[in-house]
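These figures come from a predicted structure and were not determined experimentally. Atom set for the values below is all heavy atoms of this structure, side chains included, hydrogens, waters and symmetry mates excluded. Chain naming here is simple, since letters A, B, ... match the order of the sequence lines and numbering starts at 1 in each.
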There are 2 protein chains.
Amino acid sequence: MQPASSVLFPDLCSRRAKVLRAALRLFTQRGFFNTSLQMIVSESGASVGFIYHHFRDKEGIARALYHHLLERMNALLDDIEAAHRTAEERCRAVIKLLFELTEAEGDSMGFIAHARHREFLPNEKAICSASAFVRMRGFVFEGIEKGEIRPMDPMVAAVIAYGGAIRMIGLRLDGVIEQPLSGYLEELWAHTWQALHP
Amino acid sequence: MQPASSVLFPDLCSRRAKVLRAALRLFTQRGFFNTSLQMIVSESGASVGFIYHHFRDKEGIARALYHHLLERMNALLDDIEAAHRTAEERCRAVIKLLFELTEAEGDSMGFIAHARHREFLPNEKAICSASAFVRMRGFVFEGIEKGEIRPMDPMVAAVIAYGGAIRMIGLRLDGVIEQPLSGYLEELWAHTWQALHP
DNA sequence: GTCTATAGATCGATAGAC
DNA sequence: GTCTATCGATCTATAGAC
């Protein structure tokens, strides 16, 4: 159940937002192909006509969700970039954010980080090519250039920096990890940084 | 294109194996729900009747693939456990194996590590609860107990050990990483071990 | 713009011959 | 055991009233 107010879904009232939130929950929990339009109608309270008028087709709902969530992620990365100077602080802040979003808005995190978008959005780039993920890697690349991270292949540094956290998010969303992720942040990052610091 | 001989698919000749290999390729590249039975018939050369007689239904093909691949992975983990004593060597060997399989049998790795099985196999456990993944984590847990890995939460150690590699596999399968993974193994593991060693 | 009723197409699964 | 022809269910998308 999504909380009443939400970082990734500021708009909770419009009918369009109701459709998006219902679809998000169904897509994440049952999968895109196991979700019929009728289910979205029942869950959202909107009608078939409304949905086709505003989203063109079923794929259009997923496309709107995809772009909406990536745009929100980009805005949150802007905040992090402005609030922190060093690669170490920025990466840590990114992981803290992702952990918090996993706990507070698991459906959204599941849709962003966990779903196989190519299967139902054939014309979208792979999510890891999306700008939000490119920018996350950019924090690491910049850290190497500035000497804040020890010299190594940039992609290797990026997967070390975020790989453990992303794996942890997956395990949490799948129910393998039963405790809130916030309790792991300090320990995870302290050790991860041992692999990166100069 | 799968190679002519295969670690994960020793049997290449039987009609059953032809169906499994065709389905694997289609499921990984197009997704389970975008693959019709008719496509599997066309790709494998078997008939509808043959498939339903041997697999009961479409889900049965995916189920057979899932169990077959996890069983093969378990056998390969047996080999690693027998060939290496320390956690450091075992984890490194696991990552080396996964990197090699990603390059040589990308469809299989995509199906094991990348697909959302819950969507089309509702009665199977999440893949990260499967025995192969539990055993991979077990190598890490044992390393902590023996003092080969510095004291920390076991799950944190496990995601640090494998998270970077698994992330790299995902990026490689999605085409973000363009070079073979073997070229990254040494550097990735050398730095990752800095986060784990006592 | 919004709704309901329905068309149109696909696909999984089976029946029945061999 | 294997095959082909076909049924029946489901779901997306649209037509047409309001």
Starting at atom CZ of B/F50, determine the distance to atom P of C/dT14, rounded to an integer number of angstrom. 17 Å
Quick one: is C/dG1 close enough that its OP1 or OP2 comes under 4.0 Å of any side-chain N or O from A/H54? no
Looking at D/dT2, I'd like to know if its phosphate oxygens (OP1 or OP2) sit under 4.0 Å from a side-chain N or O belonging to B/H53. no
Rounded to the nearest 0.5 angstrom, the CG-CZ distance for B/D57 and B/F55 is 11.0 Å
In whole angstrom, what separates B/I51's CD1 from D/dT4's P? 12 Å
Answer yes or no for A/K146 and A/F141: cation-pi contact, defined as NZ/CZ to six-membered ring centre under 6.0 Å and angle to ring axis within 45°. no
Check whether any side-chain heavy atom of A/D107 lies under 4.5 Å from a side-chain heavy atom of A/F27, and answer yes or no. no
Base versus backbone protein contacts along nucleotides 12-18 of chain D [heavy-atom cut-off under 4.0 Å; B, S, -]: SBB----
Any donor-acceptor pair under 3.5 Å from A/R72 side chain to A/V7 backbone: yes
Donor-acceptor pair, B/R21 side chain versus B/R16 backbone, under 3.5 Å? no
Hydrogens and angles aside, do A/E124 and A/H67 bring a side-chain donor and acceptor to less than 3.5 Å of each other? yes
Round to the nearest Å and state the distance from B/I40 atom CD1 to C/dA13 atom P. 11 Å
Think B/R15 has a side-chain N or O under 4.0 angstrom from the OP1 or OP2 of D/dT2? yes
